[in-house]
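This one's a predicted model, so the numbers in the text were calculated from it and none came from an experiment. Within every chain, numbering begins at 1; the chains are lettered A, B, ... in the order of the sequence lines, protein sequences first and strands thereafter.
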Amino acid sequence: MIRTHDAGSLRIADAGSEVVLTGWVSRRRDHGGVVFVDLRDGSGLVQVVFREGPAAEGAKELRSEWCVKLTGEVRERPAGNTNPDLATGEIEVVVSALEVLSESETPPFPIHGSDDIDSGVDEVTRWRYRYLDLRRTGPAHAIRTRARIASVIRRVMERHGFLDIETPYLTRSTPEGARDFLVPVRLQPGHWYALPQSPQLFKQLLMVSGLERYYQIARCFRDEDFRADRTPEFTQLDIEMSFLDEEDVFALTEELFVELWREILGVELPTPFPRLTYAESMRRYGSDKPDLRFELELVDLTAHMAGTEFRVFQAEHVGAVVVPGGADYTRKDLDGWQEWAKSRGAKGIAWLLVPAEAGAELRGSITKLEPDRLASLSAAAGAKPGDAILFAAGPRRTTLELLGALRNAVARQRGLVREGEWQFLWVVEAPMFEPVSSDNPSVTDAGGPGWTAVHHPFTAPTAEWEQTFHTDPEHALARAYDVVGNGMELGGGSIRIHRREMQQRVFDVIGLSREEAESKFGFLLEAFTFGPPPHGGIAFGLDRLAATLAGTDAIREVMAFPKASSGGDPLTGAPTPITDRQRSEAGIDVRPDG
RNA sequence: GGUCCCGUGGAGCAGCGUGGAGUGCUCGCCGCCCUGUCAAGGCGGAGGUCGCGGGUUCAAAUCCCGUCGGGACCGCCA
């Protein structure tokens with residue numbers, strides 16, 4: 001190394017040492033006879049002082065973000081001049097020699113003094129100059145945190161004998177539901193690779209291989225629209241094991257999470273994580289990833305409304321969220337909820353304000369309800385004087401989902417979320433199938449009527465449904481599980497089917513013909529003819545996990561070079577048009593015969 | 001595919017409703033002064049296609065239409 005010390009590591013004990021430092025000029029404070037420079041390197045900041053001689057002359061020329069090397073003596077700062085805000089604030093380095101390693105243009109946004117990720121600078125500008133953005137301590141910390149997370153993961157996985165095995169990026173479509181990214185193949189014009197949406201099929205093959213314990217920090221690709229927490233390439237911690245049951249997955253996951261939260265945040269997570277069935281989670285929270293940092297459980301009023309003449313409540317499901325103290329809602333607030341519901345495609349939300357004073361009249365949009373039903377409604381909903389009740393009615397599933405979203409929105413709005421708390425749980429026994437609909441197309445090319453796999457078609461049914469899932473697909477339950485933290489789905493997986501007969505019944509339910517199954521993943525089915533072990537696994541969204549542990553909402557903050565929401569890379573300018581020659585060589589316009 | 005928001009010197013904003021000279025603020029940048037600052041300070045200065053195109057108007061940063069870029073949400077995404 002061309003330096004002897006890290007700038008941020010110097011302490012009072014180093015006083016008197018001669019040091020050589022390298023780094024960037026963070027700030028320069030020129031007082032004429034004395035010049036102070038904050039020198040920054042990967043370890044932190046230290047103040048260096050120039051007084052006289054050639055070094056001091058050179059210091060006059062220094063500008064922000066110049067890269068320099070300097071030699072000097074560490075000294076205790078004069079009395080009264082220490083800086084308690086700096087780790088190195090008790091000392092400074094008096095410079096005897098200065099070498100400019102490289103000069104810098106004026107940076108497009110301030111680098112110094114921005115320990116927070118959010119400095120107010122436009123994101124696109126930050127991504128465009130991400131290499132400068134990462135000189136800032138806040139963004140750099142997020143990336144460093146991610147690296148520590150990967151390190152903890154590898155330690156835990158290796159402790160349990162898992163093998164880190166790479167799987168192909170140039171492959172064929174896997175059975176997930178998203179659109180594939182496609183790569184043309186020069187040597188076979190008109191033929192295309194798909195980039196993997198996950199290593200799903202390969203990890204199952206590795207179980208057939210008898211490797212028994214696989215993990216990979218794998219890049220995955222899905223060509224879908226963006227969200228704040230979604231980007232076209234992302235990273236999964238992918239895990240698969242043989243001869244296991246759910247408890248093994250739960251135990252491993254909990255150990256991993258405990259270790260991550262302890263090491264990164266210094267938080268001790270209690271285990272085991274509570275478990276909820278999917279059905280119970282939907283019933284109580286209207287979500288398959290409930291946030292348990294607040295209560296506000298949904299109320300089921302379907303029975304209370306049975307036989308009502310009131311049109312809006314003549315529905316498969318009538319439910320409500322009771323807003324504590326919500327009687328202070330203004331008409332504008334309530335109209336706001338209407339708009340909110342409509343923006344989610346719902347018909348609307350009915351409301352009732354329960355007056356705080358005894359005997360006062362109920363106010364609301366449903367006061368024309370039958371009087372006895374109305375009178376007993378507050379009690380049936382569990383509302384107290386001063387509360388508001390927000391109702392939704394309609395088909396059971398969509399109504400519960402609307403109420404679940406409402407529950408989250410109300411909790412945020414009313415400040416009911418206990419920030420700083422960590423609430424993990426397992427959501428288990430999801431349905432195996434869901435009805436095919438226009439916005440939920442079948443995996444079959446024919447797109448025939450019927451059912452599609454909720455998780456993926458290799459997910460095993462629960463013990464109770466092993467013999468009967470194909471006769472009642474609507475109610476069949478899967479050995480699938482999601483781990484949820486603070487309302488975020490952090491990971492999910494399942495126990496797989498390893499028996500050919502059972503697999504065929506699943507294909508029959510989802511209307512996948514033998515020919516189609518053969519052409520899509522015949523290689524997996526063939527592998528399963530050679531004594532496949534019982535196996536299963538789980539995958540975690542590493543970006544979401546890292547963002548959570550780094551204390552940011554945006555997964556882009558834990559990616560070194562994130563993409564903009566159009567899918568473009570503001571730094572390199574990708575994607576770009578291709579030349580005619582590239583187009584011709586790639587063979588992308590060729591239609592293969594047959 | 002849909003809804004909403006943003007685009008003004010290098011950065012962050014205000015100005016737009018009710019059209020009237022590129023007006024203003026904070027920071028940065030350049031020059032000079034300055035021996036204890038750490039958001040150093042003082043004085044002076046430079047820097048603009050108001051995203052782009054069209055329209056309305058005597059006159060457009062401001063109003064209208066379109067478009068591009070960015071962001072959030074719904075759909076979509078196991």
Side-chain angles (χ1 to χ4, degrees), chain A residues 26-39 45-52 56 60 63-65 77-86 88-89 92 94 105-114 118-129 132 174-180 197-198 200 220-232 234 236 288 339-346 401-402 405 409 430-434 437-441 443 452-459 478 480 482 489 491-494 539 541 553-554 556 563-566 568 570:
Chain A
S26 189
R27 273 184 188 280
R28 184 180 60 110
R29 293 177 292 278
D30 185 348
H31 288 236
V34 59
V35 180
F36 300 99
V37 165
D38 291 335
L39 183 79
L45 272 186
V46 69
Q47 172 169 282
V48 301
V49 189
F50 299 82
R51 280 185 199 286
E52 55 203 13
K60 296 275 179 195
R63 292 294 181 272
S64 289
E65 301 310 317
R77 290 198 187 188
N81 281 304
T82 59
N83 183 348
D85 296 332
L86 276 184
T88 58
E92 59 194 6
V94 180
E105 296 293 324
T106 301
F109 50 79
I111 308 295
H112 50 71
S114 48
D118 182 9
S119 62
V121 175
D122 185 60
E123 277 191 13
V124 183
T125 310
R126 291 179 53 209
W127 308 148
R128 166 84 179 76
Y129 298 97
L132 292 178
T174 40
E176 285 83 2
R179 207 172 289 120
D180 288 316
Q197 297 181 26
S198 78
Q200 182 62 39
C220 306
F221 307 86
R222 292 178 192 176
D223 185 9
E224 294 292 340
D225 290 359
F226 270 63
R227 278 291 193 287
D229 60 349
R230 233 193 279 155
T231 166
F234 59 97
Q236 280 186 350
D288 59 357
E339 287 306 306
W340 175 88
K342 283 175 182 157
S343 76
R344 306 182 74 88
E401 284 172 352
L402 178 71
M432 279 186 86
F433 306 103
E434 59 188 351
S437 62
S438 58
D439 46 40
N440 185 14
V443 295
T452 182
V454 171
H455 193 67
H456 59 61
F458 311 111
T459 302
D482 284 345
E489 185 192 326
S494 66
D553 289 331
R556 288 175 212 174
K563 291 187 163 48
S565 73
S566 60

On the side chain of A:Arg222, is there an atom forming a donor-acceptor pair with the base of B:C77 - under 3.5 Å, no angle test? no
Presence of A:Arg344 side-chain N/O under 4.0 Å of B:G75 phosphate oxygens OP1/OP2: no
Return yes if some donor-acceptor pair links the side-chain N/O of A:His456 with the main-chain N/O of A:Phe458 below 3.5 Å, else return no. yes
Within the 4.0 Å heavy-atom criterion, would you say A:Arg28 contacts the bases, only the backbone, or no part of the nucleic acid? nothing
P atoms of B:G53 and B:U62, separation to the nearest Å: 12 Å
Separation between the P atoms of B:G54 and B:A60, rounded to whole Å: 13 Å
Please evaluate residues A:Val34 and A:Phe36 with respect to the criterion side-chain contact (heavy atoms from CB on, under 4.5 Å), reporting the C-alpha separation (whole Å), side-chain torsions for both, the decisive distance (0.1 Å), and the verdict. CA-CA 7 Å; A:Val34 59; A:Phe36 300 99; 4.1 Å; yes
Taking a pair to mean Watson-Crick or G-U wobble geometry with both distances below 3.5 Å, B:C63 pairs with B:G55
How close or far is atom C1' of B:G12 from atom CD of A:Glu123, stated in whole angstroms? 15 Å
Please name the nucleotide paired to B:C34 by Watson-Crick or G-U wobble geometry with both distances under 3.5 Å, or report none. none
Would you say A:Asn81 reaches B:U37's phosphate, i.e. side-chain N/O to OP1/OP2 under 4.0 Å? yes
Whichever of A:His31 and A:Thr106 has the more 5' nearest nucleotide on RNA chain B, that residue is A:Thr106
With rounding to whole Å, what would you report as the distance between B:G70 and B:G12 at their P atoms? 16 Å
Take atom CG of A:Asp38 and atom C1' of B:A40, then tell me their distance rounded to the nearest Å. 11 Å
Taking any strand in view, what nucleotide pairs with B:G69 in a Watson-Crick or G-U wobble way, both distances under 3.5 Å? B:C6
Take A:Ser565 and A:Arg227 through the test side-chain contact (heavy atoms from CB on, under 4.5 Å) and record every step on the way to the result. CA-CA 7 Å; A:Ser565 73; A:Arg227 278 291 193 287; over 6 Å; no
When the distance from CG of A:Leu86 to C1' of B:C38 is rounded to whole Å, what number comes out? 7 Å
Using atom P of each nucleotide, how far apart are B:G1 and B:C76 to the nearest Å? 15 Å
Would you kindly compare A:Ser566 and A:Arg227 by the position of their nearest RNA chain B nucleotide and give the one closer to the 5′ end? A:Ser566
Is any side-chain N or O of A:Arg230 under 3.5 Å from a base N or O of B:C76, one able to act as donor and the other as acceptor? yes
Residues in salt bridge (charged side-chain N to carboxylate O under 4.0 Å, His left out) contact with A:Glu489, at least two apart in sequence or another chain: none
For the pair made of NZ in A:Lys342 and C1' in B:C4, what is the distance, rounded to whole Å? 17 Å
Between A:Arg63 and B:G31, does any side-chain N or O lie under 4.0 Å from OP1 or OP2? yes
When all nucleic acid strands are considered with a 4.0 Å heavy-atom cut-off, which category describes A:Thr82: base, sugar-phosphate, or nothing? base
Distance, P atom - from B:G15 to B:C5, rounded to whole angstrom: 16 Å
Expressed as a whole number of angstroms, how long is the span from A:Lys563:NZ to B:G71:C1'? 18 Å
Answer yes or no: is there an ion pair linking A:Glu401 with A:Arg344, defined by an N-O contact shorter than 4.0 Å? no
Can you give me the closest heavy-atom contact between A:Phe50 and A:Ala56, atom names plus distance? CB-CA, 3.9 Å
A:Arg29 bridged to A:Asp38 by N-O distance under 4.0 Å: yes
Is there a donor-acceptor contact under 3.5 Å linking the side chains of A:Asn83 and A:Gln47? no
Taking any strand in view, what nucleotide pairs with B:G19 in a Watson-Crick or G-U wobble way, both distances under 3.5 Å? none
Please report, rounded to the nearest Å, how far the C1' atom of B:G28 is from the CG atom of A:Asp30. 17 Å
Backbone N or O of A:Gly32 within a donor-acceptor pair of the A:Lys60 side chain at under 3.5 Å? yes
Write down the distance separating the C1' atoms in B:U56 and B:G19, rounded off to the nearest Å. 11 Å
Phosphate-side-chain proximity, A:Arg179 and B:C76, N/O vs OP1/OP2 below 4.0 Å: no
Between B:G71 and B:C58 - C1' atom distance, rounded Å: 39 Å
Can you list the steps and then say if A:Gln236 with A:Ser198 is a side-chain contact (heavy atoms from CB on, under 4.5 Å)? CA-CA 8 Å; A:Gln236 280 186 350; A:Ser198 78; 3.7 Å; yes
Taking atom CZ of A:Arg77 and atom CG of A:Leu86, what is their separation to the nearest 0.5 Å? 6.0 Å
B:C77 P sits how many Å from A:Glu489 CD, rounded? 14 Å
Examine B:A11: is either OP1 or OP2 under 4.0 Å from a nitrogen or oxygen in the side chain of A:Thr125? Give yes or no. no
Determine: side-chain N/O of A:Arg29 to OP1/OP2 of B:A40, distance under 4.0 Å, yes or no. yes
Write down the partner of B:G12 under the Watson-Crick or G-U wobble criteria, each distance required to be under 3.5 Å. B:C25
With a 3.5 Å cut-off and heavy atoms only, can you find an N or O donor on one side and an acceptor on the other between the side chain of A:Asp122 and the base of B:G12? no
For a quick check of understanding: with a heavy-atom distance under 4.0 Å over all strands, which category does A:Glu105 fall into, base, sugar-phosphate or nothing? nothing
Whole-Å distance separating the CG atom of A:Asp553 from the P atom of B:A72: 11 Å
Answer yes or no: does a side-chain N or O of A:Arg128 lie under 4.0 Å from OP1 or OP2 of B:A11? no
What's touching nucleotides 6-10 of chain B from the protein side, N or O pairs under 3.5 Å?
from	atom 1	to	atom 2	distance (Å)
B:G10	O2'	A:Pro108	O	2.9

In the strands shown, is B:G75 matched to any nucleotide by a Watson-Crick or G-U wobble pair with both distances under 3.5 Å, and which? none
For nucleotides B:U8 and B:G48, find the distance between their C1' atoms and express it as a whole number of Å. 8 Å
Donor-acceptor pair (no angle test) under 3.5 Å: A:Arg77 side chain, B:C38 base: yes
